[in-house]
Number of protein chains: 2
Amino acid sequence: MPTAYLDNLVPKSPRKRRVTIADVADALDLTKGTVSRALNNYPDISDRTRKRVAKQAERMGYRPLSHAQAIRTGRTKSLGLVLQTNAHDAQRPFLSDFLAGVTQEASAQGWSLTVATAHSQASMQATLERLINEHKADGFILPRTMVHDERIDLLRTAHVPFVLYGRTGDDTDCAWFDILGENAMRDAVLRLAGMGHRRIGFVNGGAGFNYAALRHAGYLAGLTQAGLGADPQLEAADAVTAEDGERATARLLELAAPPTALVFAVDMAALGAYGAAASRGLTIGRELSVIGYDGVPEGAYATPPLTTFNVDTRRAGERLAHLLIARIRGADPATLRECENARLLERASDGPPAVTSEELARLVRAAGNHDETNGRTR
Amino acid sequence: MPTAYLDNLVPKSPRKRRVTIADVADALDLTKGTVSRALNNYPDISDRTRKRVAKQAERMGYRPLSHAQAIRTGRTKSLGLVLQTNAHDAQRPFLSDFLAGVTQEASAQGWSLTVATAHSQASMQATLERLINEHKADGFILPRTMVHDERIDLLRTAHVPFVLYGRTGDDTDCAWFDILGENAMRDAVLRLAGMGHRRIGFVNGGAGFNYAALRHAGYLAGLTQAGLGADPQLEAADAVTAEDGERATARLLELAAPPTALVFAVDMAALGAYGAAASRGLTIGRELSVIGYDGVPEGAYATPPLTTFNVDTRRAGERLAHLLIARIRGADPATLRECENARLLERASDGPPAVTSEELARLVRAAGNHDETNGRTR
DNA sequence: GTTCCTTCCAAAACCGGTTTCGGCAAGGGG
DNA sequence: CCCCTTGCCGAAACCGGTTTTGGAAGGAAC
């Protein structure tokens, strides 16, 4: 985009000049090299001078220009985040919180955040390469990790620091923050089992994402811990939208021995169960219990409100920024790994089974003849 | 944050060196000054040389380092966006789309996006000042404009380019993109009037925001155009959450001559009407018609689904980035003003009035005795 | 009183670009 | 043939920082 010359023709805005490091140096009758070393705690500066410099810089309101530093140090003091905009994304409603967390922690340490978006796998890789090549960021936050994640491959071979929001298959050299979704799924099963459910199904989320594998494992762990046997027939996968969830629920309800409760790895899919239940004359929370995961706002407005697990997305952003900055500063990634639990939101979509699995099967068959979806406009 | 010296102690990662302008110059046996001027279309470079340079730079994959350019030019080639995280924000669910729009247009022109957040009015001003002082961005996008907006004052006096998402009281020197919410409100009134409603109420959004003034004007214009008189009693204001909306709806329904239809300036408030209606035994879309504005996803999951106006947030982001870059390049702000209309989503929350205002008043009074809110968990 | 360290800062080079300045060579006019 | 432009590029300064180098001053050891 060759424009510099043309841009030069328009009058530069008369912004008043910033205070530079030379100004500070002059005021103290020192050289700018000395001031720089003083501010950066070089050991060959006397304490007296260091203090004088610090005080004067403070008084004059001097703030180094990070991109001026960057040209010598190679560090922009900027974190990179590339959002994927094509895919389903349960995190979308929380993006604002996430950014708030990241930027708060970043700016507290004098860093900033550079955001880009990609609409496909390929453009994701291209965007990352461009940002790396142009040094737009010193490191990257990678949300929504896959079991095998190409972004990680790219950053690893480019020797660019990164931190994962989520875990991944090959941990080597990875720093991460994650919510223990597997514990949530386990607790959901235990909660339902405690209410008296004996056939508890599971509808997993996006295939390939690392969280899906973990949440499935958590579901199985819950069954074991509750003394219930696992039945692969009670499982569905790859449901991330309401439509997916409705389809999966329908299929599970049509089983000869349908589940009286469903655990969903993803809230949006759980909301799909409402449609499947309604069109069969079933009441969520009675004939069919549902527990979701994510805490999307829509859940609170569903009827009945969806019991789910809430994730503190803002805190995730904070921790990720913290970990990434540490990583960029050279900390060992093995020491930069944190996990936390999601918090259960007890609402009204689950309860003791109003009917047994056999009775439920009968209800579903009875409704089967006049089966129709309610024409909901989206 | 004095850390440079310490950072120096950790081994620099062995990233392979970028190709610099000097590399290109050497390859062509030119000086870097010449290469720079060639790439930037200076008129004192022959066409032949310009083409040679362009080709060689392309071949070597040379990309100038924007922060290296910035130190001389004062331009970071970066757009700034400070999000407010405290306030209610109907745009939250669309943030992802908005960012996609902004970053797509920005990166198409070789620019990037720097994001920060603020949790209060004061921190907003402080954050803007910091970003300006540190030259983190060459200009700013200001979403959610107020009638009188302090951010505009700040940027104006600092002579920093900006573009508004929305309009504002004092237009001087402002570039903007906006959705004509006033037209939507007018059309909503006309639609309801066309269905036979004669008493149409209006629940406005956040006081102080510029959109609220405009949407109110649109509502009044709709009444006039429909040949209906305006009745200030039928208006409420400052409703931005479901709770606000529920309260406002309740008050309007308790009137001696209640409205049979309500136009809401904000979807979330419109969703509050559902609760107010339900607790009085009224069915939305029959005894009480509701039309919202924003197109929040929750609206599609409400029962019945909310008729509302959808905003193409992604496109807004694109246009705003485009306008801002033009503004930074020196274009006259008066030429950088665009507006578009929102698109009606016809769903099921509105319809011909099932009862007259008098009958509605009777129904409300009848329900008044056993009035209670349904205990919804949020 | 040398010699040898230390301590601490000045001076200068450097990072990767942009912009200014000046001069050479070719071409045109007288 | 000389002078004056004009076209075109090299050389060098510059932007605001960081890092390296080198040396002066002071103290300790001999």
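Sequence lines set the chain letters: A, B, ... in the order given, protein chains first and strands last, and positions in each chain run from 1.
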If the cut-off is 4.0 Å, is A/Thr34 near the phosphate of C/dC9, judged by side-chain N/O to OP1 or OP2?
no
Restricting to non-hydrogen atoms, name the atom on B/Val19 and the atom on B/Gly61 that form the minimum distance, rounded to 0.1 Å.
CG1-O, 3.9 Å
To the nearest angstrom, the CG-C1' distance between A/Asn41 and D/dT18 comes to 14 Å
Sub-3.5 Å donor-acceptor pair from the side chain of A/Ser78 to the main-chain atoms of A/Lys136, do we have one?
yes
Could you check which of D/dG17, C/dG17, C/dC9 has an atom nearest any side-chain atom of A/Thr20?
D/dG17
May I have the step-by-step check of side-chain contact (heavy atoms from CB on, under 4.5 Å) for B/Arg75 and B/Gln69, ending in yes or no?
CA-CA 7 Å; B/Arg75 297 231 167 112; B/Gln69 310 187 109; over 6 Å; no
Any side-chain heavy atom of A/Thr117 within less than 4.5 Å of one from B/Leu113?
no
Can you measure A/Arg72 atom CZ to C/dC15 atom C1' for me and round it to whole angstrom units?
6 Å
Round to a whole Å and report the spacing from CD of A/Glu134 to C1' of C/dG17.
14 Å
For A/Ala158 and A/Ile132, which heavy atoms make the closest approach, and how far apart are they?
CB-CD1, 4.4 Å
Nearest to the side chain of A/Gln69, which nucleotide is it out of D/dG16, C/dT18, D/dG17?
D/dG17
Among the nucleotides D/dG17, C/dT18, C/dG17, which one has an atom lying closest to any side-chain atom of A/Ala68?
D/dG17
Base, sugar-phosphate, or nothing: which does B/Ser36 touch, judged by heavy atoms less than 4.0 Å apart?
base
Within the structure provided, determine whether A/Leu95 and B/Leu99 are in side-chain contact (heavy-atom separation under 4.5 Å).
yes
So if I take every side-chain heavy atom of B/Ile45 and compare against D/dG17, C/dT18, D/dC9, which nucleotide ends up nearest?
D/dC9
If you take any heavy atom closer than 4.0 Å to DNA chain C, which residues from residues 22-33 of chain A end up in contact?
A/Asp29, A/Leu30, A/Thr31
B/Arg156 side-chain N/O to B/Thr172 backbone N/O, donor-acceptor pair under 3.5 Å:
yes
D/dT18 P sits how many Å from A/Asn40 CG, rounded?
5 Å
End-to-end axis angle, where each axis spans five pairs of the helix from C/dG1-D/dC30 to C/dG30-D/dC1, to 10°
60°
Go nucleotide by nucleotide along DNA chain C from the 5' end; which of A/Ile71 and A/Arg48 gets its closest nucleotide reached first?
A/Arg48
Do the side-chain N and O atoms of A/Glu105 and A/Gln109 include a donor-acceptor pair separated by under 3.5 angstrom?
yes
Can you tell me the distance, in whole Å, between the NE2 atom of B/His67 and the P atom of C/dG17?
9 Å
B/His67 vs A/His135 aromatic rings, parallel, tilted or perpendicular, using cut-offs 30° and 60°?
parallel
Checking D/dG17, C/dC9, C/dG17 against the side chain of A/Tyr62 (C-beta onward), the nearest is D/dG17
Short side-chain N/O contact from B/Thr73 to OP1 or OP2 of D/dC15, under 4.0 Å:
no
In sequence, state the C-alpha distance, the side-chain angles, and the governing distance for B/Leu81 and B/Tyr165, and then conclude on side-chain contact (heavy atoms from CB on, under 4.5 Å).
CA-CA 11 Å; B/Leu81 175 65; B/Tyr165 186 13; over 6 Å; no
Backbone of A/Pro143 reached by a side-chain donor or acceptor of A/Arg151 within 3.5 Å:
yes
Using modelled atom types and a 3.5 Å cut-off, is there a donor and acceptor pairing between side-chain atoms of A/Arg63 and backbone atoms of A/Arg18?
no
B/Tyr42 vs C/dT20: side-chain N/O to OP1/OP2 distance below 4.0 Å:
no
Within the side chain of B/Thr49, is there an N or O that forms a donor-acceptor pair under 3.5 Å with the backbone of B/Ile45?
no
Sequence-aligned protein contact record of nucleotides 21-26 of chain D, with B where the base is within under 4.0 Å of a protein heavy atom and S where only the sugar-phosphate is
------
Spacing of A/Arg63 atom CZ relative to D/dG16 atom P, expressed in whole Å
17 Å
Spacing between B/His135 atom NE2 and D/dG17 atom P, to the nearest angstrom:
10 Å
How many Å lie between CG on A/Leu39 and P on D/dT18, as a whole number?
8 Å
